[in-house]
2 protein chains.
Amino acid sequence: MRPTRKHIIAVAIALIERDGVGALSLSRLATELGCDVVSLYDHVPSKSALLEAVAEAVASGMELPSMPEASWEIRLRAVAGAFCGLARTHPRCAVLAAATPGSARAKRSDEYVLAALHQAGLRGPDAVPIMRAFLAYLTGWLVCQAGPPGSPADPRPTGRPSLRHREFPPVTCPAGELHPTDPDADFEFGLDLLVDAIAARCPAPTGRMLP
Amino acid sequence: MRPTRKHIIAVAIALIERDGVGALSLSRLATELGCDVVSLYDHVPSKSALLEAVAEAVASGMELPSMPEASWEIRLRAVAGAFCGLARTHPRCAVLAAATPGSARAKRSDEYVLAALHQAGLRGPDAVPIMRAFLAYLTGWLVCQAGPPGSPADPRPTGRPSLRHREFPPVTCPAGELHPTDPDADFEFGLDLLVDAIAARCPAPTGRMLP
DNA sequence: ACCTGAACACCGTTCAAGT
DNA sequence: ACCTGAACACCGTTCAAGT
């Protein structure tokens with residue numbers, strides 16, 4: 001059975017989501033595909049190249065809608081939503097995809113965020129650092145939820161991603177105020193925090209488009 | 001030559017910084033230590049336990065000064081500075097340390113940030129999501145600079161951490177405005193953005209302590 | 001009782017031997 | 001010319017054989 005490159009990547013993604021990046025091996029992948037290990041080298045030059053392809057494939061599933069009518073806030077929230085969607089559909093590949101530098105995902109979301117900021121009246125030297133801060137927040141959120149791939153924390157049981165802090169609450173707490181909270185609500189909160197901060201730096205008074 | 005646990009971890013850190021996490025193997029570590037591989041198992045139960053110990057050791061070097069006289073902004077900036085210091089002294093272990101969930105580092109910085117926010121007048125349900133957003137930004141910054149450990153991007157030549165975007169500029173750019181910028185300045189900018197946003201949610205007018 | 005070398009199951013990758 | 005199995009160097013971990 002000769003596998004196609006698409007099929008190889010698809011099964012690799014499934015394996016990573018099931019058992020973690022650390023559990024992915026070419027041998028396992030080959031047996032899963034029902035072919036010999038060496039046949040993989042016809043489509044993928046090395047294991048690290050396979051991982052890059054996986055990151056690219058997963059990230060390309062990230063939807064960044066064009067929405068010609070939408071405000072810049074809606075656009076920024078769309079990027080955030082795309083990150084969340086990635087974390088929901090491919091929790092273990094998401095970190096790989098989100099943090100692999102220079103990926104097509106990185107370029108696409110860079111430009112998408114820059115376009116939104118452009119729409120908000122933020123240009124060049126003003127926009128780029130804001131874009132980086134915004135994407136750093138989204139990436140950090142992803143990583144804080146999932147842990148870095150290949151880390152000792154990686155081969156955990158899969159499931160809905162949840163904050164680790166629930167399982168490891170701090171021993172002491174200054175005001176004893178660290179109750180478990182809803183990760184989604186926390187994410188939204190931090191997003192609001194950033195969007196408001198960005199709006200405060202906008203030339204336009206409310207940041208919305210004028211009629 | 002019987003190695004001590006401390007020595008094992010120290011050499012492991014050095015090896016990771018020199019060649020990347022992916023290049024760390026118990027065999028290599030043993031030869032570097034001048035002992036047999038199996039002797040390592042006297043002090044470390046497994047390789048993943050070793051990686052956790054490395055993360056913990058590196059993170060424990062993060063300095064969070066108490067500064068009883070300082071304002072909450074200064075404290076928050078101290079945490080950011082500690083993250084930066086980590087990225088500077090141990091670029092490759094930093095991501096491991098910053099993103100390993102439930103680590104002592106996580107608990108310490110959680111509490112430190114909460115204490116600073118408490119000082120700013122932010123309590124309980126107000127403070128926790130802000131803390132998470134703040135640390136997510138710092139973590140995301142670290143990961144965006146270094147790439148996730150074990151990722152295809154990891155075994156790169158070491159050096160001063162720099163933004164990947166310099167090497168992979170976007171092909172197209174909405175306003176053609178994505179010139180290379182100073183990573184440190186960008187980091188400071190995002191930090192200011194967040195601190196300002198937090199200050200805007202503070203009960204106290206300026207966020208500074210009253211005399 | 002304790003240490004340690006050989007041994008085991010696995011890994012990524014290569015390459016020469018077959019078709 | 002092309003595919004593929006055996007082979008290579010390495011890996012994490014175990015365990016029985018030695019002291």
Side-chain angles (χ1 to χ4, degrees), chain A residues 1-56 92-93 96 100 147-156, chain B residues 1-56 92-93 96 100 147-156:
Chain A
M1 179 59 69
R2 312 269 321 284
T4 145
R5 181 182 154 93
K6 217 169 205 112
H7 193 201
I8 290 176
I9 293 173
V11 173
I13 291 176
L15 272 181
I16 291 175
E17 290 304 332
R18 196 213 292 156
D19 303 323
V21 209
L24 179 74
S25 78
L26 296 189
S27 320
R28 216 184 303 266
L29 183 55
T31 52
E32 199 80 5
L33 286 160
C35 71
D36 198 294
V37 200
V38 288
S39 304
L40 301 177
Y41 286 88
D42 290 340
H43 305 93
V44 163
S46 70
K47 186 187 181 181
S48 67
L50 172 69
L51 287 179
E52 278 186 55
V54 162
E56 207 68 61
R92 299 181 116 139
C93 295
L96 203 66
T100 296
S151 83
D154 174 65
R156 74 199 183 286
Chain B
M1 177 59 70
R2 312 271 319 285
T4 143
R5 180 181 155 93
K6 215 167 205 116
H7 194 200
I8 289 176
I9 292 173
V11 174
I13 290 176
L15 272 182
I16 290 175
E17 289 306 331
R18 197 212 293 156
D19 304 322
V21 209
L24 179 74
S25 77
L26 297 188
S27 320
R28 216 184 303 265
L29 183 55
T31 51
E32 199 83 2
L33 285 159
C35 71
D36 197 296
V37 200
V38 289
S39 304
L40 301 177
Y41 285 89
D42 289 339
H43 305 94
V44 163
S46 70
K47 188 188 181 183
S48 69
L50 171 70
L51 286 179
E52 279 187 54
V54 162
E56 206 69 63
R92 299 181 115 139
C93 295
L96 204 66
T100 297
S151 83
D154 174 63
R156 74 198 182 282

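To find a chain, count down the sequence lines: A is the first, B the second, and so on, and within it residues start at 1.
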Rounding to an integer number of Å, can you tell me how far A:L40 CG sits from D:dG5 P? 13 Å

What is the distance, to the nearest angstrom, from the CZ atom on A:R2 to the P atom on D:dC2? 11 Å

Output yes when at least one side-chain N/O atom of A:S39 is less than 4.0 Å from OP1 or OP2 of D:dT4, else no. yes

Whole Å only: how far is the CG atom of A:L24 from the C1' atom of C:dG12? 12 Å

With the threshold set at 4.0 Å, does a side-chain nitrogen-carboxylate oxygen contact exist between B:E52 and B:K47? no

Quick check: does any side chain N or O of B:E17 sit under 3.5 Å from a backbone N or O of B:C93, one acting as donor and the other as acceptor? yes

If I pick the C1' atom on D:dT13 and the same atom on C:dT13, what distance separates them, to the nearest angstrom? 23 Å

Strictly distance-based, threshold 3.5 Å: is any side-chain N or O of A:R28 a donor or acceptor partner for the main-chain N or O of A:A23? yes

For A:H43 and D:dC3, what is the distance between atoms NE2 and C1' respectively, to the nearest whole Å? 12 Å

Could you give the distance separating D:dT14 and C:dG12 at their C1' atoms, to the nearest angstrom? 23 Å

Determine which nucleotide pairs with D:dT19, using a 3.5 Å limit on both distances of a Watson-Crick or G-U wobble pair. C:dA1

Any B:S27 side-chain nitrogen or oxygen under 4.0 Å from OP1 or OP2 of D:dG12: yes

Rounded to whole Å, CG of B:L51 lies from P of D:dT13 at a distance of 10 Å

Looking at C:dT13, D:dT13, C:dG5, which one has an atom nearest to any side-chain atom of A:L26? C:dT13

Between atom NZ in B:K47 and atom C1' in D:dG12, what is the gap in whole Å? 8 Å

Is any side-chain N or O of B:R28 closer than 4.0 Å to OP1 or OP2 of D:dC10? no

Now, which nucleotide makes the Watson-Crick or G-U wobble pair with D:dG12, with each of the two distances under 3.5 Å? C:dC8

Tell me the interatomic distance from A:L29, atom CG, to C:dC11, atom P, rounded to whole angstroms. 11 Å

Between C:dT13 and A:Y41, is there an OP1 or OP2 to side-chain N/O distance shorter than 4.0 Å? yes

Take the protein atom CG of B:D42 and the nucleotide atom P of C:dG5, then report the distance between them rounded to whole Å. 13 Å

With rounding to the nearest 0.5 Å, note down the distance linking CG in B:L29 to CD1 in B:I8. 6.5 Å

Quick one: are B:V21 and B:V54 in side-chain contact, heavy atoms under 4.5 Å? no

Can you figure out which of C:dG12, D:dC11, D:dT4 approaches the side chain of A:V38 most closely? D:dT4

